[in-house]
Amino acid sequence: MVDTIYIEEKIKHFDRTKKILSRFKNSRYIFIKKYSEIFNVKNQNFRIQKYNPSLILAFKHDNFVLKAPEGFGIGTSKNFYFSHMYNCIYDCRYCFLQGMYSSSNYVLFVNYENFVEKINEIIKINKDKDLTFFSGYDCDSLAMEKITGFANYILPKIEKENKSLFEFRTKSNQLEPFLKIKPRENIILAYSLLPDELSNILDVKTPSIIKRIEAMKKISKLGWKIGLRFDPLIFHKGWKKNYYKLIQHIFSEVDNKNVHSISFGSLRFPNQMFKRIKKLYPEEKLFSYNFDIRNNYVSFSKDIEEEMIDYCQSIIKKNNDKIPIFSCKPY
Ligand code: SF4
């Protein structure tokens, strides 16, 4: 799966590093001083590198937990995110990471303990506030779990008395770390969802929507809280029929009382980022749409976004009008 692994000298003796490397017996190891020597090199081509990305094992020194962008949240007053990785094994055509990084190599930060320390520190400082911590903003939080073991490490450390919410957002059907412990009210396994017709084209290398719904069904029946994330909402021919079918399918399968929340997010890119992504995929039909530019964000028109959210909300409410619904809007 990975031909070359770069390893920072500082972490080569860590037990976790050795454990991860034991999964790649046939890969070539190259020792480096800092991950940025490889990852931040200018003039790399994200698209070409995506055919055969390398893995970079690194030590993170700071910025373990960051404030979530404006408009991102599921009802708490303060929102944070943490990413144990940069980049993703999947290759969704609309992924913002392809416009953010020039390299598609995977960076994995192996000092997981520091993420937990920082989260606990933030909880202590904000002891009277309700918080949400989102895992995996710069990656998919579970897609590489078999190799990283990050969720397996962090889940048991999230105290159940703690009133902060933790969301693990994914397009994978990886459930293993959740099957090992009892469900916790404050942990949400959230799934990004698109109608099949779009996902088959745009969610490159991800498990199918059917597989994701099967995973949601299984985990919600065990009592875990799940989140339905229609993010991004994508306008296309037949969107009403396709979103209707998707929502009905989900509600017929998952345990409704364990749906913690639903959120919508429009397809949106900062203008400069959109230009970079479009240059990488000039033939991609999605990017040839005549988008609006509002507050320096490229997106569908406000009317389209509102019509889509209203329509999807109305179907959801017909199924269940008790589940909290949120819209993530950066503008
Ligand atoms: S799953 Fe998320 S992080 Fe991974 S490629 Fe798709 S959009 Fe990007």
Side-chain angles (χ1 to χ4, degrees), residues 1-2 39 44-56 66 68-69 72 74 81-109 133-148 150-151 167-175 188-213 215-216 226-234 236 246 263-270 273-274 276-278 280-281 284 286-287 297-300 328 330:
M1 174 192 167
V2 172
F39 192 67
Q44 303 188 78
N45 185 306
F46 190 98
R47 183 173 179 179
I48 293 171
Q49 232 172 46
K50 198 76 191 170
Y51 289 111
N52 188 16
S54 299
L55 172 64
I56 306 172
L66 295 168
F72 197 85
I74 45 171
Y81 72 91
F82 53 95
S83 299
H84 63 297
M85 280 189 71
Y86 295 158
N87 279 326
C88 180
I89 54 170
Y90 305 145
D91 193 14
C92 306
R93 204 41 63 246
Y94 48 82
C95 180
F96 78 99
L97 297 176
Q98 58 197 346
M100 193 156 90
Y101 301 130
S102 54
S103 169
S104 56
N105 288 331
Y106 316 127
V107 181
L108 170 62
F109 297 107
F133 294 90
F134 293 90
S135 168
Y137 190 78
D138 302 300
C139 59
D140 180 289
S141 57
L142 297 170
M144 266 181 90
E145 179 64 20
K146 275 203 159 76
I147 289 156
T148 69
F150 181 74
E167 174 174 307
F168 291 78
R169 192 175 295 195
T170 193
K171 286 195 180 84
S172 78
N173 52 353
Q174 170 60 253
L175 296 176
I188 303 153
L189 187 44
Y191 289 87
S192 305
L193 299 154
L194 276 182
D196 246 347
E197 294 75 2
L198 282 183
S199 179
N200 290 341
I201 303 166
L202 299 174
D203 288 351
V204 182
K205 299 186 191 162
T206 68
S208 66
I209 291 294
I210 301 233
K211 286 244 157 31
R212 278 177 246 171
I213 294 177
M216 285 160 57
I226 59 166
L228 311 181
R229 306 294 174 239
F230 299 97
D231 186 357
L233 271 177
I234 298 184
H236 60 286
L246 171 67
S263 64
F264 296 106
S266 40
L267 183 76
R268 70 256 181 216
F269 300 98
M273 183 187 275
F274 181 74
R276 281 198 294 277
I277 296 176
K278 195 171 172 180
L280 281 177
Y281 294 93
E284 173 55 56
L286 177 67
F287 303 140
Y297 273 85
V298 172
S299 60
F300 292 113
C328 300

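Because the structure is a prediction, the values reported are computed rather than measured. Each ligand, and each atom within it, is numbered from 1 in the order the structure gives.
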Salt bridge (charged side-chain N to carboxylate O under 4.0 Å, His left out) partners of residues 189-199, not counting sequence neighbours, each pair once: E197-K245

[X] bridged to [Y] by N-O distance under 4.0 Å:
{"X": "D231", "Y": "R169", "result": "yes"}
{"X": "R229", "Y": "E167", "result": "yes"}
{"X": "K205", "Y": "D203", "result": "no"}

Atom 6 (Fe) of ligand 1 neighbourhood, protein N/O/S only, threshold under 2.8 Å: C92 SG

Pairwise side-chain contact, C92 with T206, heavy-atom cut-off 4.5 Å (strictly under): yes

Donor-acceptor under 3.5 Å (H236 side chain, I234 main chain): yes

